[in-house]
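Each remark here refers to the structure printed beneath this line.
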Amino acid sequence: MDLETIFEQLASRREARVGALDAGARDALAALGVSVRDGGATLDDGIELLAPEDVRRYVGEAAAAWLDRIEVRAHIDSTNSELMRRALESSIDGVALLAEVQSAGRGRRGRGWTSPFGRNLALSLGVRLDMALTELGAVSLAVGVAVADALEELGVRGVALKWPNDLLVEGRKLCGVLIELPRAVEPPEIVVGIGINIGGAEAVGRLVEQGVADVTESVPDASRNRIAGRVIDAVFAVCRRFERGGFGPIKPRYDALHRFHGQPVRILAGPESVAGVVEGVGLDGTLRLRTESGIREFHGGEVSLRA
Ligand code: BTN
């Protein structure tokens, strides 16, 4: 039996008869948190599967009226890649796509994004913004603020931002945001991709070098459906706010959440490494760094910030 069929069975009836599996497939499943015993795989009781109607329950009225549909897939290559493909054919405004597992999850700056089956959250949202392409610079910072606030409201403690839009707890990564523009047209439609660790950080921690944090550290009974619904609601609201007033009104909250505001950091930009103190962020989302040679500005796509 192939992995896709196993994931579909697990998503529909929480168990799968897998028969004889070669060692490669068994290892691939184990890496995704699915253990096979006596020819069968069963989901842990603690796993809450995603369901569109359960996600929708937590979306407020305005966002619910805008949401065209919520789709949950048992498996996919990447929820962002799927919305990027669809955007070339038709509008993706108001489409929320979630997956129990991604086989080729993508992170910023060409990195991958790993997550076990049925844990954590892999969510992409299509949003049309009634503004010019040149005004979109800080939208990814605004989304970071919205997700941080939504998680805080759900009881997650100690959430901070790391420019441009990583969410950290005690310096460990809780959530990543990948915003992509499928087509350079106006009004633009963007793909907002969000990955949050909810119960799966331990498995992720075995696969990545970075420190990882998990929502369940402060909210042990966290519901993935509820978090998905509240995050969709918050992203919708911040996009409407950004559309009306740009990043200006959101920036004070960003500064308050930014762990490195006023702190000494190092920026890695290709072969260059620049030391300085974070002055703040610009209204276009750039990071402003006070260096020995004056203020320098960096754009999020190309560089990485180190404490
Ligand atoms: C990062 O911190 O590098 C960004 C990670 C973004 C991961 C999410 S998971 C849902 C969506 N689909 C993807 O392939 N990536 C984003």
Side-chain angles (χ1 to χ4, degrees), residues 32-33 50 55 70-87 92 95-127 139-148 150-151 159-169 171-182 189-201 203-205 207-215 224-225 227-229 231-232 234-235 257-260 268 285 287 299-306:
L32 293 169
L50 297 166
V55 174
I70 300 174
E71 291 175 36
V72 173
R73 299 272 288 264
H75 62 87
I76 201 162
D77 55 347
S78 147
T79 53
N80 260 42
S81 300
E82 173 63 13
L83 287 195
M84 291 290 281
R85 288 188 290 263
R86 284 193 209 175
I92 53 164
V95 177
L97 178 63
L98 300 103
E100 297 293 3
V101 74
Q102 300 183 114
S103 57
R106 293 188 291 112
R108 287 181 50 245
R109 303 171 63 237
R111 289 173 307 208
W113 184 262
T114 320
S115 202
F117 183 90
R119 304 263 188 205
N120 299 348
L121 202 67
L123 158 71
S124 295
L125 202 54
V127 186
V139 71
S140 78
L141 281 67
V143 167
V145 169
V147 179
L151 292 181
V159 181
L161 285 170
K162 177 183 166 203
W163 179 84
N165 55 20
D166 282 353
L167 269 68
L168 308 177
V169 171
R172 295 170 291 129
K173 185 138 167 179
L174 177 74
C175 161
V177 178
L178 174 67
I179 302 216
E180 299 185 285
L181 179 72
E189 287 192 342
I190 58 171
V191 176
V192 179
I194 298 167
I196 307 176
N197 294 330
I198 312 168
V204 174
L207 301 169
V208 300
E209 277 167 23
Q210 202 175 15
V212 285
D214 201 290
V215 165
R224 296 167 73 222
N225 286 292
I227 293 172
V231 164
I232 291 170
V235 171
L257 284 167
H258 191 203
R259 182 167 184 263
F260 297 101
L268 307 182
L287 183 85
H299 293 270
E302 317 124 29
V303 301
S304 151
L305 182 152
R306 301 285 153 91

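Basis for what follows: all heavy atoms, side chains included, without hydrogens, waters or symmetry-related copies. Whatever order the structure lists them in is the order used to number ligands and atoms, beginning at 1.
Counting heavy atoms from C-beta outward, I179 and V192 have side chains that approach closer than 4.5 Å.
For K173, the salt bridge (Lys or Arg N to Asp or Glu O under 4.0 Å) partners at least two apart in sequence or on another chain are D166. In this structure, R259 has no salt bridge (Lys or Arg N to Asp or Glu O under 4.0 Å) partners at least two apart in sequence or on a different chain.
Put simply, the side chain of R119 never gets that close to the backbone of G33: no donor and acceptor are under 3.5 Å apart.
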Any protein N or O within less than 3.5 Å of an N or O in ligand 1? List each pair with its distance, or say none.
| residue | atom | partner | partner atom | Å |
| --- | --- | --- | --- | --- |
| ligand 1 | 2 (O) | K173 | NZ | 2.5 |
| ligand 1 | 3 (O) | R108 | N | 2.6 |
| ligand 1 | 12 (N) | T79 | OG1 | 3.1 |
| ligand 1 | 12 (N) | N80 | N | 3.4 |
| ligand 1 | 12 (N) | Q102 | OE1 | 3.0 |
| ligand 1 | 14 (O) | S78 | OG | 2.7 |
| ligand 1 | 14 (O) | R106 | N | 2.7 |
| ligand 1 | 15 (N) | R106 | O | 2.7 |

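Applying the side-chain hydrogen bond (donor to acceptor under 3.5 Å, both in side chains) definition to pairs two or more places apart or across chains, those involving residues 189-201 are S91-E189, N120-N197.
Considering I196, V143, L141 as possible partners of V177, the one that fulfils the side-chain contact (heavy atoms from CB on, under 4.5 Å) test is V143.
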